[in-house]
Amino acid sequence: MNLAEKINVVRASVMGANDGIISVAGMVLGVFAATQGRTNDNWVIFVAGFSGTIAGMISMAAGEYVSVHGQRDAENAAIEKEEIANQESFNQQISLVKDFLIKDDISKELAQRAASEMMKTKPIETAVRVKHGFNISDKINPYHAALASFISFPIGATLPMLAILMVNRSYKVASTYFGVLLALIITGYLAARIGNNDRKKGITRNVLSGLFTMTATYLIGRLLHK
């Protein structure tokens with residue numbers, strides 16, 4: 001497994017867990033709000049959360065598979081395009097590579113020699129990297145991303161399920177909010193780190209989206225409460 005593949009698997013795992021946390025937390029809070037006062041509300045919450053977890057696992061895995069497979073299809077199309085371009089206008093391809101190297105502050109003479117050498121030894125790889133911005137050797141497997149998401153989603157969903165089911169009715173909402181916010185801080189940090197983005201902004205966005213989801217579904221549940 002190359003570096004790009006490892007990063008993709010980690011990304012899918014983090015996002016799967018994050019989605020499991022937020023979506024199931026919103027689901028169980030909404031159901032709890034709608035069923036408060038009933039003697040079997042824990043059972044109803046469990047059934048709703050468990051059903052949502054199963055649906056989320058399948059949905060996230062399918063989404064990752066389709067997304068990554070679509071990216072691979074686009075990359076394969078780019079490779080085929082460059083194979084044809086190399087056959088029809090090889091000298092023009094060399095010139096394009098040379099211009100790319102010159103933009104990186106390489107002298108024209110050195111850029112010309114380097115472009116000719118790279119196109120001679122690895123023509124397709126060079127043309128694809130210069131014109132499309134990816135390496136042929138860095139292909140990622142859609143099955144790996146789908147499996148990672150499929151496994152991580154229920155791990156994330158377990159936290160809000162336990163937080164709301166393991167405490168007294170009076171503390172269910174506070175317990176769920178507290179546990180979920182801690183988890184969202186962690187997944188927000190990891191997601192930002194993987195994407196090389198600002199950690200504070202990543203955490204803030206993740207926490208706010210979680211708060212909005214939980215609050216919105218809880219309020220909807222309260223409106224439906226009888």
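When all heavy atoms of Ala148 and Ala12 are compared, the pair lying nearest together is CB-CB, 4.2 Å. Of all heavy-atom pairs spanning Ile106 and Ala111, the tightest one is CG2-N, 3.7 Å. The nearest pair of heavy atoms linking Ile79 to Phe134 is CG1-CZ, 4.3 Å. Annotation for Ala157 and Thr53: closest pair CB-OG1, 3.5 Å, computed over non-hydrogen atoms. The heavy-atom pair separating Phe150 from Met57 by the smallest distance is CZ-CE, 3.3 Å. Taking both residues in full, the closest heavy atoms of Ser23 and Asp19 are given as OG-O, 2.5 Å, listed atom of the first, atom of the second, then distance.
Phe32 is connected to Leu181 through a chain of hydrophobic side-chain contacts under 4.5 Å among Ile, Leu, Val, Met, Phe, Trp and Tyr, so both are in one cluster. Under a hydrophobic clustering in which Ile, Leu, Val, Met, Phe, Trp and Tyr are joined whenever their side-chain heavy atoms come within less than 4.5 Å, directly or via other members, Ile22 and Val173 fall into the same cluster. Follow the hydrophobic side-chain contacts under 4.5 Å out from Phe178 and you never reach Val207; the two are in separate clusters. By the criterion of side-chain heavy atoms lying less than 4.5 angstrom apart, applied directly or through intervening Ile, Leu, Val, Met, Phe, Trp or Tyr residues, Leu211 is grouped together with Leu159 in one hydrophobic cluster. A chain of hydrophobic side-chain contacts below 4.5 Å, direct or via other Ile, Leu, Val, Met, Phe, Trp or Tyr residues, connects Met60 to Ile194.
Ile94 has its side chain within reach of Phe90: a pair of non-hydrogen atoms, C-beta onward, lies under 4.5 Å apart. Between Pro142 and Arg72, the closest side-chain pair of non-hydrogen atoms falls below 4.5 Å. Counting heavy atoms from C-beta outward, Leu184 and Asn18 have side chains that approach closer than 4.5 Å. Looking at His132 and Glu82, their side chains come closer than 4.5 Å, going by heavy atoms from C-beta outward. Looking only at side-chain heavy atoms (C-beta outward), Leu96 and Val130 stay at 4.5 Å or farther from each other. Looking at Tyr189 and Arg193, their side chains come closer than 4.5 Å, going by heavy atoms from C-beta outward. Contact annotation: the side chain of Asn86 approaches that of Met119 to within less than 4.5 Å [non-hydrogen atoms, C-beta and beyond]. The closest side-chain heavy-atom distance from Met118 to Leu101 is below 4.5 Å.
Ser149 places no side-chain N or O within donor-acceptor distance of the main-chain N or O of Ala145, the cut-off being under 3.5 Å. In this structure, the side chain of Thr215 does not engage the main chain of Phe212 through any donor-acceptor pair within 3.5 Å. Side chain of Ser67 to backbone of Gly63: no donor-acceptor contact under 3.5 angstrom is found. The backbone N or O of Gly202 sits nowhere less than 3.5 Å from a side-chain atom of Asn206 that would complete a donor-acceptor pair. Within the 3.5 Å criterion, the main-chain N or O of Ala163 finds a donor-acceptor partner in the side chain of Ser175. Thr35 places a side-chain N or O within donor-acceptor distance of the main-chain N or O of Val31, the cut-off being under 3.5 Å.
Taking His69 as the reference, Tyr65 meet the ring pair (Phe, Tyr, Trp, His ring centres under 6.0 Å) condition, with sequence neighbours excluded. Contacts of Phe46 classified as ring pair (Phe, Tyr, Trp, His ring centres under 6.0 Å), with partners at least two apart in sequence or in another chain: Trp43, Phe50.
Rounded to the nearest 0.5 angstrom, Met166 CE and Asn42 CG are separated by 10.0 Å. Of the inter-residue distances, the one linking Glu109 atom CD with Ile102 atom CD1 reads 8.5 Å to the nearest 0.5 angstrom. Note that NZ of Lys131 and CD of Gln93 are 4.0 Å apart. Values are rounded to the nearest 0.5 Å. Note that OG of Ser59 and CD of Glu64 are 10.5 Å apart. Values are rounded to the nearest 0.5 Å. Taking CG of Leu190 as the reference point, atom CD1 of Ile203 lies at 9.0 Å (rounded to 0.5 Å). The distance from atom CD1 of Ile21 to atom OG1 of Thr187, rounded to the nearest 0.5 Å, is 4.5 Å.
Within 6.0 Å of CD on Glu83 lie more than 12 heavy atoms contributed by other residues, nucleotides or ligands. Open room surrounds CE on Met15; 12 or fewer heavy atoms of other groups in view lie less than 6.0 Å from it.
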- Item | Trace of the side-chain contact (heavy atoms from CB on, under 4.5 Å) decision for His144 with Asn8 | CA-CA 8 Å; His144 291 168; Asn8 186 58; 5.9 Å; no

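Side-chain N/O atoms of Glu75 and Gln71 include a donor and acceptor closer than 3.5 Å.
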